[in-house]
Structure formats: structure tokens, C-alpha cells
Amino acid sequence: MKVLLISGPNLNILGQRQPEIYGSQTLADIEDLVNKRAKEWGVTIRPYQSNHEGAIIDFIQQERSAEGLIINPGALSHYGYSLRDALEAFPGGKMEVHLSNVHAREAFRHNLVTAPIMDGVVAGLGWRGYLAALDALVPMLQERHGRPTSGDAGAPGL
Ligand code: DQA
């Protein structure tokens, strides 16, 4: 099973960027953590980051055979209608992650145009939010593909 791990604008500078809000982990650190957890699930992660909405859309279209995706769209979540359309057209399972609790921040961050077409949204859990998203997504996909798991008790590390 393949799951895309997509990061939008400015997430390439995680670690240096407002660590009091986004944490001190770099994007490579987060990708490593997700990769390790994915291996325990027997899932392959395909990471991708871009600062450009169109490039992210191209990637989603090219990778439409992947069973699922986890995306932190960065600020595109608040206004990226083309990205929303691309995500809506992606047939697999989809989870949105925000490191910070966007609902507790500036008003412009409260509106998430991508969130309504996702299977789930995680916000405010920092890097742990990515693992939470993966741990929810994989059993959901397994069920969808007719491979019921032993339930969450079977999740790695739980
Ligand atoms: C973010 C929240 C967005 O509002 C912001 O523009 C980001 C990061 C988060 O992970 O908390 O770039 O998506």
C-alpha cells in the first residue's frame, strides 16, 4: 500500500520557522518518523514538498494510483481552491494535518477550504498529528480494500 505525504508552502523550512508554533523538528525529521511508523504498518510513503500550488496538483494527479495521502497544505488550506479540486478528484483516502491549532490562531487560518473534502483533519498536535493521521488512515484503507484489521489494538506501538 502506498501513501503520499505532501507538504505545502514554507514547510521546507520547518525547524527554523517559528519553532514556538511549529516545533523544532525539520520536515526531514517528520518524514523519517512517518516513514518508520509506515514500515510497521507495511506501508510505503512517498514524500513530496513544494512551495507551488500547481506543482502539488501535478504530483497528486501523477500519483492518483496511491491508496491514500496525508497532506499539510500550509496556507493553501485557507484559499487554495485548485488544490481543493485536485484533492477532491483524488480517489484514495485523504487526511489533512496542521501542526498548529489553526482554530486558535488568526481569523484567516480558521477557514479551511480543503478540509470539507478530506476523510479527516488533525490540527494542533505538532509532529504527532502526522502519526495520528497515519494510524487512522491505514486501517481505514485496509477496510476499504476489504482487508479488515484486528482493529486499533493491532496498530503498531499502541
Ligand atoms: C500550518 C498552518 C497554516 O495556517 C500555515 O500557513 C502553515 C502551517 C500548520 O501546519 O499549522 O504553513 O498548515
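Indexing begins at 1, ligand by ligand and atom by atom, following the structure's order.
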Would you mind reporting whether L141 and L137 have side-chain heavy atoms less than 4.5 Å apart?
->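 Yes; the side chains approach each other to less than 4.5 Å.
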Would you check if V122 and Y130 make a side-chain contact, meaning some heavy-atom pair closer than 4.5 Å?
->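 Of all side-chain heavy-atom pairs linking Y130 with V122, none is under 4.5 Å.
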Could you check whether the rings of H103 and H110 sit parallel, tilted or perpendicular, using 30° and 60° as the cut-offs?
->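 Aromatic pair H103/H110 classed tilted.
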If you measure from the Lys or Arg side-chain nitrogens to the Asp or Glu carboxylate oxygens, is any gap between D119 and R144 under 4.0 Å?
->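 Yes, charged N to carboxylate O under 4.0 Å.
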R46/E63 ion pair, N-O < 4.0 Å |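 Looking at R46 and E63, the cut-off is met.
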F90 six-ring centre to R64 NZ/CZ under 6.0 Å and within 45° of normal =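 That pair does not qualify as a cation-pi contact.
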Could you go through ligand 1 and note, for every N or O atom, any protein N or O atom closer than 3.5 angstrom, writing the atom names and distance to 0.1 Å, or 'none'?
residue: ligand 1; atom: 4 (O); partner: H78; partner atom: NE2; Å: 2.7
residue: ligand 1; atom: 4 (O); partner: R109; partner atom: NH1; Å: 2.8
residue: ligand 1; atom: 6 (O); partner: A75; partner atom: N; Å: 3.1
residue: ligand 1; atom: 6 (O); partner: R109; partner atom: NH1; Å: 3.1
residue: ligand 1; atom: 10 (O); partner: N72; partner atom: ND2; Å: 2.8
residue: ligand 1; atom: 10 (O); partner: L99; partner atom: N; Å: 2.8
residue: ligand 1; atom: 11 (O); partner: L99; partner atom: N; Å: 3.2
residue: ligand 1; atom: 11 (O); partner: S100; partner atom: N; Å: 2.9
residue: ligand 1; atom: 11 (O); partner: S100; partner atom: OG; Å: 2.6
residue: ligand 1; atom: 12 (O); partner: R17; partner atom: NH1; Å: 3.0
residue: ligand 1; atom: 12 (O); partner: R17; partner atom: NH2; Å: 3.1
residue: ligand 1; atom: 13 (O); partner: N72; partner atom: OD1; Å: 2.8
residue: ligand 1; atom: 13 (O); partner: H98; partner atom: ND1; Å: 2.8

